[in-house]
Structure formats: C-alpha cells, structure tokens
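Written below as structure tokens is the structure these notes are about.
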Protein chains: 4
Amino acid sequence: MRTARAARADLRTRQVLRAAARLMGREGADAVSMQAIADEAGVSVGLIYKYFGNKQDLVLAITVQVLDDVAMSVPAAVDRAGDDAVLALAAGFRAYCETIDEHRHAAVLTYRESKTLGADGQSELKRREVATMKPLVGAVRRGIDAGLFTAVDAELMTYDLVMLAHAWALKHWYFERSFDLEAYVTHQTAIVLGGLIVPERRADYPALLRPSAAPHTTGGR
Amino acid sequence: MRTARAARADLRTRQVLRAAARLMGREGADAVSMQAIADEAGVSVGLIYKYFGNKQDLVLAITVQVLDDVAMSVPAAVDRAGDDAVLALAAGFRAYCETIDEHRHAAVLTYRESKTLGADGQSELKRREVATMKPLVGAVRRGIDAGLFTAVDAELMTYDLVMLAHAWALKHWYFERSFDLEAYVTHQTAIVLGGLIVPERRADYPALLRPSAAPHTTGGR
Amino acid sequence: MRTARAARADLRTRQVLRAAARLMGREGADAVSMQAIADEAGVSVGLIYKYFGNKQDLVLAITVQVLDDVAMSVPAAVDRAGDDAVLALAAGFRAYCETIDEHRHAAVLTYRESKTLGADGQSELKRREVATMKPLVGAVRRGIDAGLFTAVDAELMTYDLVMLAHAWALKHWYFERSFDLEAYVTHQTAIVLGGLIVPERRADYPALLRPSAAPHTTGGR
Amino acid sequence: MRTARAARADLRTRQVLRAAARLMGREGADAVSMQAIADEAGVSVGLIYKYFGNKQDLVLAITVQVLDDVAMSVPAAVDRAGDDAVLALAAGFRAYCETIDEHRHAAVLTYRESKTLGADGQSELKRREVATMKPLVGAVRRGIDAGLFTAVDAELMTYDLVMLAHAWALKHWYFERSFDLEAYVTHQTAIVLGGLIVPERRADYPALLRPSAAPHTTGGR
DNA sequence: AATGAATGAGTATTCATTCAT
DNA sequence: TATGAATGAATACTCATTCAT
C-alpha cells in the first residue's frame, strides 16, 4: 500500500512537472499561472502545492531535471566511447547537445528564471551545472596528457563546449535555419575538435573533421 | 529653443535608461517596478511613459542599446586592425567582449526578457544581433579565402565567437573565479584562433596563441 | 462493547478538544488549521470531522466547555458557602475566577471568535453566559433582602463581577505584573464587596475586606 | 497646493478608516475583504494600500483611533470636573463610556483582533490602553489621599472602571435590554462610587449615588 | 472507524498604466 | 512638460471540507 501511494505521488509529480515544463518553456515562468499548470496537468492547484512548496520550487525542479539528465547522459556517453580522448569528447559533446535538444524549452528557462530562484536555487543550479562539466574536463585533460590536444585551459575549453550545447537551445531560432541537430553537432564538432587536436593527429579522425551531413538548407561555407 | 528642449528630452531619456538598466540588470525586469525606476532616475512615473510607451519598450531600449554599442565598436575594431584577417578577427572578438563587459547586466537581461518583448521586439532584437555578426563573418571569410583559416562554416564559427562573448556575461559567476576580462579574452582567443588558423601559419601569430596573461588564480594547466 | 466504543470516541473527542484549545487559545482560531489540530491531537483530519461537523462547531465546543465548567463550579461554591450572602458571593466570585484561570486562553477565545460562530452559536453562548450569572444574582438578591448589601441593581452588579472574572483572562498581560490569581481574587473581593456591604455590617467580614495577600510586586495603594 | 494635497490625503484616510471600522466592527476583520472596504469607502483597493501598508495596519489604525479618542476625552472631562475627586472620577468614567459608545464596534474589534496585530501592534495597543488609565488613576489617588475614598489599590480600581466602560461595548447585547448609555453610566457610577466613597461622605453626593434615570425596561429590582 | 489525498473557492497584495492638475 | 494620485486587473497561495480506500 505504501508503495502504491508512493507510486501515485510519483506519477502526480511527473504529471505536474511535464505540464509546467511544457507551458513555462514556451512562455516563461511568469507568464504561466499556477491555475494554468494545474489545468494542463489535470490536477488541482492545491495539489501542486503539496508536491512543490511554491512556484519557485517548481521552476527549480524543471531546470534541475535538465541538468540531471545531462548528468546521466554525458558521463555514460564518455565512458561508452572508450579510451580515445577525441572520441570520448566528441561523444560527450554529442550527448550534451542531444539532452539539451530533448529539453530545449526547459534549458532556455534556466537562463530566463535563474535570478527568480533565490540565492539557494541559484547556488544549486550553478553547482549542478559545474558538475556536468566534470566528465568533459576529464576527457580534455586526458587528450592533452596523451599529446592529442593542444595544451589549452581545460576548464575554459570545456565551458566553451557547454556553451555551444546550450546555444542549440538559446539560439535555436537562428540555427534551425541552417541546421538540424545532427548537422549542428557534426559541424560544431568539426570546428572545435578540428582546432583542438594537434595538427599531426588530425588525419586520424577524418570522420569527425569533415562533417558529411550538409546543412539542410543553403547554409554555410 | 527647439534644440534646448530636445537636449533636455535626450538627457531625461538617458537618465531613465541608465537607471532602468542598473536596476533591471541586477534583479530582472519583472522585479523592478516603474516607480522604482522613476525614483532611481529622479523623475516621475508619468514622464517615463512620455518617453517610453510602456515597460516593454523600456526593456527593449535597454537591450537594443547593448547591441547598438556592439554594432559600433566591433566593426570599428575590425577596420582598425587592417587587412590581416587573423588580427581583424581577434580585434573584433576583443571589442565584442569589451562591449559586453561594459553592459554585463544588460546583456544578461536580453536572455532573460526576450520572450517578454512580444513578437515585434524579439524580431528586432534578433535582426540586430545577426547584424552584429556581419563584420566578424567577413573577417572569417577573408581568412578562409586567404588560406589563413581552416575551411569551416563561417557563420557558425562566428556565432560561436558571439556566444563566447555573451558567455562572459552569462557565466560571469563562473569565469570570474579564474579570469579577469583581459585573461578571458586572451585565453579564448588562443583557443579559438589556435584552432582556426591553419597549422602552417600558426607560427606567425605567437602573441595571440600563447596567452601571456595568466589566469588570475591558479587556473587550468 | 458499545460502552468500549463510546469510551473510545469520548477519549478521541477530548483529545481533539484539548489540542484545539491549546493551539487556538494561543494563536486564535483562524490562525490554526484543522491539519495542525489533527497533528497535535494525533489523529487524522477526517476524524475530527466525524466528531465535530466543522471548524465552527469545534470552536463552539471549546468555548462552551469553559462556560460549562463555570456552570459547574460556581453554583457548587455558592451552595457550599452556606446561608451568608456575603460569603456565598465571595465564594462564587472566587470559583468563577479560578475556573477562568484554568481556561485562560479558551476564555479569551470566546471574545475573539464569537462573531465567527454564526447566529446559532452566538445565541447559545449568550444563553449559557447569562445562565452562569444566576447563582451569583441569587446571592446578591439574598444579600440585599437581608439588608447586608446596598440596594443596587442585582443583575448589573453581578455582570460587573463576571466581567472582573473575565478580565483576569482578558487583561492577564496587565494584571500578571502585580497579581497572582490569589491576590487578584482577594483584592477584587475587597474592592467589590467592600463597596457592596452596607457600612454597618462591614466589620463582620474583616478577612474579606482587608486582603492579607499583598500584590506580589510593589502594587497597591 | 501642498496643503490641498495633504487635505485630500487626510480626507481619503478618514474615508477608508470610517468604512473599514463600519464593516469590520460588525463582522470582524477577517470577514471583510479589502475589496469590500474599498467599495464601501468609494475608493480603489490600490489606494487603501497607499495609505495603510496592509490590512493589519488598517485594523491597528481603527483600534488606535478608539484609544486616541479616549486619551482626548477622559483627561479633558477629569480636568473640567475640578478638584473634587469624586466628581472628577465620575466625569472621567462617563467620558470613557461615552467615547466607547461612539466607537462601540471598533472597541469590540480591539478584543477580537489584537492577536492578529503582531507583536508590535499589540505592544502599541497595550501601551496606549495603559496610558488612558492615567488620569483616572490620578483621580482615585487624590480621593484616597483626601480621605474621600476607601484605601483600595488605585490601579486595580481604575482598571475595573475601564473594564466596565469596555463592557458597554463587549456586552452590549445584554445591557441594551435594560439600559441605554445614560442609565448604564449612572447605575455603574452608583455601584462603583457608592462602594468607593467612605460611608461618612456618601451623603455629600446624593445625585451620583441614587440613579434617577431608571432602566428603560423593567430592569433589575 | 480511520486515513490523508485531492479539491477549489476565496483574498491580500502588487504594479503597469492613465489622467487631472 | 511634469507630476503622482488613483485605478483595478491579475495571481500565488491557503485551508476547510470531502470521500475513496
């Protein structure tokens, strides 16, 4: 019975979270009333407050979810890619972009609403975002140590990658003219890894550096 | 007399704009009331509505100002740098970062409030942002044509640079631990141009590629 | 079995009543949620509604309890005091004050919440309050008829006594600086009976009219 | 112009205060919405918040007004009555009762809402209430010193008088059956002063001690 | 008998905007 | 021009009450 109840509660939580993410992602958190979220989720306003103490906490939960998903998918991709730092970094970046793509609107929400979240919420968000960088930083360092990458500032390099992943959400209105997700990832990979890999090893990764997937409209070059 | 009146109006406008930017930049546009702006600017609420039709327009004016400044400083820097595409691009990126730094809070505001601005405001903002890319795209194209740069997608490459300039505002809480503006610019220049310049020409730009200014704390590698 | 069940129900009722009185007495009825009462009483919200139809009824029950206790203790004290009207009145007043003291917070609640109780509740409360006066009015009348008391309006005189008993709860924040319950009762008795007893009979009640118990701080004179 | 504006503001304040007192006095503060007060006062909700920061402050203002009026009328009456402590006390009590009568509903409000007012509000209210006692305490002390009054605890005696004045509001539902204000005052005066004046001086104040105004219905004995 | 999840009506408060002066 | 008093729509949040289990 306890399990049944917990399961029910979990279901409700997800219901609300999904509804809120859908609505807030498009219009921004302020523009969406709790009533609207309740309606969309098919529950009552009161119940939302049972599960999330207030609107801020709900927004926080949505944004945390994105970072949580990143925190799952990126390390997994890096590990799956094996020892090669180039392949690992490429896989990690791809996974990051794909996860952002899945939560495109929620990812934008993070930038819109962070100030609203209060000091605690902001700290948590920052802490989690920095945490998502870890596996990528590791890959960059490995690459540098292995002589595969130019000796750049590993953390800065990684944050650049993270920004480019976020950019897929933030500047989607621009990129979608020329790229779909696949094209975006391959082109960015070519640009960034192309610059990062030391010249003498570039020939080893032809697939990464010559994006086969052409931009889907007229686009680049 | 007409001139005096216009000058007066202009002064008021700037007063209000500065006050609004200061307040909204820190707390977000929603958190700042028109009354608060009026108080900060030393004028009455009614007068703000004389100069800016409504709050949205005021926010728009603030964000447009940033892009206007970029639209001034970046081409100027590119032109000043002369024919060399590498130097031109570096100068343009530096100018972009410096301008963002001058309006750090307002730059963040752009990301926070764009959805609030209504379709018209958003379009204008997007149009202007794309316009700011033009001189940089030109430099990248020149570099590629001159055989100085790897043949990457010029527009994507440029937007990456723009994102990194914005990142100085967006992720300032993170970067300020390790970099001041100067260090940020030189390190990013090293990373990006280092990747972009074809290997055989890299030796020509030692100053750009070995950032002399070390990160101001321990910093990465 | 029926008895056991009834006893259980009775226990629950008292549990809830005590919890509600404790909570509401301090913070007022509105400030206390049914959930809080349920928690304090160690039962579920639903169960409270089984025993008391709604919140109003619960408040009514608390306030009625005070008057019920008064209705028990005062006549008993009056009767116990015997034929002497002076002693009877003094004993009745003392009992009234002592009962109020036992329910100090609940007594205040009566004044706070009576308007909330709806017409029916208010009527019942008024009816009961008037009823508590009866034995005291009787004592006053007896005293007047016996030539012990000045010929005052008996009902008004009695209500004054009742007010002074309530005042121990209502103005406790003030009186507690100078009096404990004992001192309060003896001083008030001295003032009121001292005025009420006809001059020529005062000498017969030295103990009542010279309060031995001094105010516990500087007090008197 | 400044005066005109201030006068206008003052008018508004009184408008709102009167409306709120009228409404809250009858139904209690919680039962009255700010909208209802605004409607009754003929102003907008927003304006109420300009003059009174929040609902609590409005309630406080209402209750303070009562005590302010008491603080004006009672000392004036005492002074006007001259040197005779008996007449002074009688005049002060009458003034107190009359002022309470003018604000009967607001006076009840004090008892209902004090807990709601927050620590600060409560303290202020208590401070002011105690202050209203001062002139009466003075009269009692003078009377005792002059050998006119029995040597009772002056402060307790005074608070009894204050309670009886409040009782006219608190128990109006009861007293109105038998008394109008005039009758209430004269009867209470007879009871209290009759008890307080030393026997040998009672004959000097026949008017005070034999209430000519009979209770307006049958009345008690 | 007992639970507590779910409901949704009700309200204080804020603030962009207007307009008489 | 310039003011700021006045407006009133909009919304987060609470909590008494119900009812399926």
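Letters A, B, ... are given to chains in the order of the sequence lines, protein chains preceding strands, and every chain is numbered from 1.
- Shown here for B:Glu129 and A:Trp173, the closest heavy-atom pair between the two residues is OE2-CZ2, 4.1 Å.
- For DNA chain E, runs of at least 3 consecutive pairs of the Watson-Crick or G-U wobble type, with both hydrogen-bonding distances under 3.5 angstrom, map to E:2-21 with F:2-21.
- Nearest to the side chain of B:Ser44, among E:dA16, E:dA6, F:dT3, sits F:dT3.
- When rounded to the nearest whole Å, the span between CG of D:Leu47 and P of E:dT14 equals 14 Å.
- Smallest separation of non-hydrogen atoms from D:Thr116 and D:Gln56: O-NE2, 2.9 Å.
- Residue B:Tyr51 is classed as a sugar-phosphate contact, given heavy-atom separations below 4.0 Å to backbone atoms only.
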Trace of the side chain to side chain contact (heavy atoms under 4.5 Å, CB included) decision for C:Ile48 with C:Met34: CA-CA 8 Å; C:Ile48 300 185; C:Met34 294 299 271; 3.7 Å; yes
I'd like a table of donor-acceptor pairs (distance under 3.5 Å, sequence neighbours excluded) in which one partner is a side-chain atom from residues 16-32 of chain C, with atom names and distances.
unit_1: C:Arg22; atom_1: NE; unit_2: C:Glu40; atom_2: OE2; d: 2.9
unit_1: C:Arg22; atom_1: NH2; unit_2: C:Glu40; atom_2: OE2; d: 3.4
unit_1: C:Arg26; atom_1: NH1; unit_2: C:His105; atom_2: NE2; d: 3.2

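- In this entry the distance linking NZ of A:Lys55 with C1' of E:dT14 reads 14 Å, nearest Å.
- Side chain of A:Arg8, nearest nucleotide from E:dA6, F:dC13, E:dT13: E:dA6.
- For A:Asp69 and A:Gln65, the side-chain atoms include no donor-acceptor pair closer than 3.5 Å.
- Computed from coordinates, the C:Ile48 CD1 to F:dC15 P distance equals 15 Å when rounded to whole Å.
- Ring geometry, D:Tyr111 versus C:Tyr111: the interplanar angle falls from 30° to 60°, so the pair is classed tilted.
- Of the candidate nucleotides E:dG4, E:dA16, F:dT17, F:dT17 has the atom nearest to the side chain of C:Met34.
- Residues from residues 11-25 of chain A with heavy atoms under 4.0 angstrom of DNA chain E, sorted by number: A:Arg12.
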